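Written out below as structure tokens is the structure these notes cover.
This one's a predicted model, so the numbers in the text were calculated from it and none came from an experiment.
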2 protein chains.
Amino acid sequence: MTRPTEHEVLAAVLQIRCGALQVLAWQRARPPDSGRWALPGGLLGDDEDVERSVRRQLAEKVDVREVTHVEQIAVFSRPDRVPGTRRIATAFLGLVPSDADPAVPADTAWHPLAAPPATALEKAAFDHAAIVDDARDRLRAKLSYTNLGFALAPREFTISALRDLYAAALGHPVSATNLQRVLTRRRVLEPTGAMAPPGPAGGRPAALFRFTERTLRVTDAFAVLRPPGEGARTAVP
Amino acid sequence: MTRPTEHEVLAAVLQIRCGALQVLAWQRARPPDSGRWALPGGLLGDDEDVERSVRRQLAEKVDVREVTHVEQIAVFSRPDRVPGTRRIATAFLGLVPSDADPAVPADTAWHPLAAPPATALEKAAFDHAAIVDDARDRLRAKLSYTNLGFALAPREFTISALRDLYAAALGHPVSATNLQRVLTRRRVLEPTGAMAPPGPAGGRPAALFRFTERTLRVTDAFAVLRPPGEGARTAVP
DNA sequence: GCAAAAGTGTTCATTGTACACCCATGA
DNA sequence: TCATGGGTGTACAATGAACACTTTTGC
């Protein structure tokens, strides 16, 4: 009755590299859209759900242990989104910490998501550019009201390193002073006790911090409309 | 290579009825899961994407013009989620204003989402109970930081009527005083100028309000991490 | 000593909550 | 006049932004 349909999973794997938000993509060697960049992914297997599938497919590109967060973004289902057999895609956001440098296949590389003239994205295959846009928007939103930063940052880091990560991901400057205060007040960060040596130009040595948790948690319960009797925002003793 | 797979769309259509959050569902007459409640939906057509499909399928159950908001929730793809041919579902949240009473087929009815002992949901077919839970959670979250209330409320309403809607949707008491102040401060509500007559028990006549917009808008940009120079939360002159 | 980088203290505007109090209507 | 529901005013705590100032290092 309905024509044959395939189901694929696609992942926009993001990482902060060289101070810029970058996405992992491979260059298509064969038509359609040959020469363009495409997101890693592939057909859903018979015995797996989409979450399992995307992790399996990613394992072929990067060491899975490097992927600190995976999250469903949306379904892309326009009938003409790829030529040939109809193919429905479930898109995911994946995150890799900035200190990881996983080995990738020869056709695969990181590409900056330059903000206004998305040069790399102009060459994206099919609707993959839209998927990357959605993934980036999701990351930006969740950085603000969850502890998702843990997925972008190394295990231990200085506040200014973290500030650079946030600034690169959000696309605007971030104040180290306020970032530190806000994240510690929310109990998202904690000091490790250790210090990082100053750089060649001198300066006071920086304290090292870590994320208190490494699983996603909403830290800024949304503003209005909480049950009565909870005082202000986060009921913290 | 991969076994045949179908793709369906399913909608958790929610409405506040009789002061309770209810979901539209129909009773299955045939196996599998015969007798249980199922969400409206059906197979994706060849020439439509999932958004179009869910609106088309809903049109068979309720007047589409009554559905004020439709939004993708997630993909449900466990290989064994339905018996027989593999079927992947894209789940949606749909909202109907509380003053609408659309005609529905004989096998279809509204079912309260009683909070702790989800009696109606115990009888849900397949994984539809989980879909309803996700849809409800999404609604609750978005009520707090967007103007999504417009999709649940009539065109015009009193503040106490709106308070009842929010309380039913959120599952906890809401103060009419603060609800009014917060929503007007965010420019989400505006007075129509008209008044509602008092009830039989007397009391001061209530002012009527409306939502300033009837399309989804984020009204509470998340707390921290905005670009510098924007003052506090919502930069309003 | 001086520049550079890190961190703390303080002030301020805005927000949401809580609660007291005033208004308008029907009986 | 009184109960009932509607609406406003005010005080308070928490939050994030901004910015001045202090601390600690290399040269």
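- Residues A:F150 and A:F157 place their aromatic rings such that the two centres sit no closer than 6.0 Å.
- Comparing D:dG7, C:dG26, D:dT25 against the side chain of A:P198 picks out D:dT25 as the nearest.
- Nearest to the side-chain atoms of B:T177 among the listed nucleotides C:dC19, C:dG7, D:dT25 stands C:dC19.
- Atom CZ in B:R204 sits about 13 Å away from atom P in C:dC22, given to the nearest Å.
- Whole-Å rounding puts the B:L208 CG to D:dG7 P distance at 9 Å.
- Using a 4.0 Å heavy-atom criterion, one finds that A:S160 contacts the sugar-phosphate atoms exclusively.
- Counting to the nearest Å, the C1' atom of C:dA5 and the CE atom of A:M195 are 12 Å from each other.
- With contacts defined as side-chain heavy-atom distances shorter than 4.5 Å, the pair B:V62/B:V13 does not qualify.
- The interatomic distance linking B:F157 (CZ) with D:dG6 (P) rounds to 14 Å, in whole Å.
- Computed from coordinates, the A:N178 CG to C:dT11 P distance equals 16 Å when rounded to whole Å.
- Per the geometry, NE2 belonging to B:H172 stands 13 Å off C1' belonging to C:dG16, to the nearest Å.
- Rounded to whole Å, atom C1' of C:dT14 lies 7 Å from atom CZ of B:R185.
- At a threshold of 4.5 Å between non-hydrogen side-chain atoms, the residues A:L189 and A:R210 do not count as touching.
- At the heavy-atom level, B:A176 lies nowhere under 4.0 Å from the strands shown.
- For B:Q180 and C:dA18, the CD to C1' distance is 16 Å, given to the nearest whole Å.
- Of the side-chain N and O atoms in A:R186, one or more sit less than 4.0 angstrom from OP1 or OP2 of D:dG16.
- Between A:H111 and A:W37, the gap from one ring centroid to the other is short of 6.0 Å.
- Under the 4.0 Å criterion applied to side-chain N and carboxylate O atoms, B:R155 and B:D99 are not assigned as salt-bridge partners.
- Look at B:R181 and you won't find any side-chain N or O under 4.0 angstrom from OP1 or OP2 of D:dT8.
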